[in-house]
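Working notes, structure below.
Heads up: numbering here begins at 1 and tracks the sequence. Ligands are counted one by one from 1 in listed order, and the atoms in each one are counted from 1 as well.
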Amino acid sequence: MTHNKFGLGRKIPSEVEREVRRKSGFGCVVCGEIFCDYHHIEPYEDAKFHDPDKIILLCKLHHGEVTGSLNGRKMSDDTLSKYILSPYGLRKGNNVWRNLTSIEAIKLGNFLFLETEIALRIDGLDVLSFSFSDEEFPIVGVNALFFNSEGREILKIKDNVVMGVTDVWDFREEGNTIQVNSASHKIDLRIIFHNNGLLEIERLRLSYLNGTVEIGADGALISKYRDKVYALTQEARIRGGQVGIEIANGVMRLGKGERTQYFKGASNIAKNSQPSRLSHEDSAVLPNISQNQSPQTPPTDNWSEFSYNGTIAGQRISIQRMRHSHGSTAIETDGRSIRIGVSNGSPMSMRIEKMSINSIKKSASDKTEG
Ligand SMILES: [Zn+2]
C-alpha cells in the first residue's frame, strides 16, 4: 500500500524527517542509539498528514519494545511518553553508537591509510587515529574528534564508541553513513563505515584556531592557514608510520613515522643514506626524476610506504611506492618548496620506484588584465 485511506503517502518529506530527528535528539528517544527507525505514535493508517509531533526515532530494540513484537515485552504508553518529553539525546547532549567494530583502514578524502597510527593530526591534536595494544600490532579501536566549520565539536569516536553532539542543525544516518550538516547544503562531516573494515571520511569542513581543513565532493583535501594553502588532490596511499597527514602552524607533512615499537627490528636497518631534498621555484620543471637509494632491501615492516599522485603547493607530484624508514617524513612543504624524504635527525634510508614533479603553469587567461 503506497497511500492510506486519506491518500497520505508512506514517504515522510525530508524537512519533516529533519524536524523529527531534531525533536528526538538525533537518536532513539529511549537510549540515544544513532541508527534508528521512524515510528508513528499515531498509526500511519489514521494520519492525515506527516506531523513531526507524532513521529519519533526508535532503535531496533526499543522499536520492538514499543510495538510489543519483542519477546512479548511491551513498553507502556506512560513510559514512552516520558522518553518523548525528554529524549536521551537532548537530555545528555549527545547520541551514541556502540556497535562499531573492526576498523582496519582509514580513508580521508583520496588518502588511504593502512596501519598508520594517526591519520590526521592538526597542531598536536589527533583528529583521527587508531589505538593499538602495546605488545603486538592489533588495533584496539579507532578514535576521532571532529569540529565543524564554526570550530565546534560535532562528533567524536573513543575506542569505537561514536558520540554525536545533538545541538546541530542536522545529524542524519542512512545505512552505514552518518552526515552532519550546519545548514541545508552545508555538509560538515560525512563518514561511512564500510562493511570491509574501512572507515571513510568522505566530506569534511573543519575549522580550528587559525585554519580550515576541507574535503570536497571530489575527495581533494584543502588545508588553509592564513596565507598557506595546500591542495591534496587525487590519490595517495600510506602504509605504516605514525602520522599520515600532519598540519602544524599551517605547514603540512605527509607520511611521518617515529613510533619504533610498531616497526620491529627498526634499529637494524638504517644505513646513513642521505635524505633527498628537493626544492625549486614555481617556474622550475623537474620531469621524471627516478631514484633508487636503498643500499639493501630491509624487511617490509620496518618501513612506511607512500604513494601519491596529485597536487601540493602548486606542483603536480607523482610518487610511486616510496618506502622510507621510521623517523622520516615522505613529503614536507612550506607552501613554496617541497622536500621529499625528510629525516628527523636520525639516519634514514628510502627508496622510490618512480617520481615526477611538474609545476602547474598558469595560463595567460588566468592573469588579471590591467
Ligand atoms: Zn533505543
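Using a cut-off of 2.8 Å, one finds that Cys59 contributes an N/O/S atom close to the Zn ion (ligand 1). The Zn ion (ligand 1) has Cys28 among its coordinating residues (N/O/S atom, backbone or side chain, under 2.8 Å).
The pair Arg18-Asp170 does not count as a salt bridge, with every side-chain nitrogen at least 4.0 angstrom from each carboxylate oxygen. In summary, Glu332 and Arg339 engage in a salt bridge, as defined by a charged side-chain N under 4.0 Å from a carboxylate O.
In this model, no donor atom of one side chain and acceptor atom of the other lie less than 3.5 Å apart for Thr233 and Asn110.
For His62, the N, O or S atom with the smallest separation from the Zn ion (ligand 1) is ND1.
Figure legend: Arg22 and Trp169 shown without cation-pi pairing, the cationic atom not lying both under 6.0 angstrom from the six-membered ring centre and within 45 degrees of its axis.
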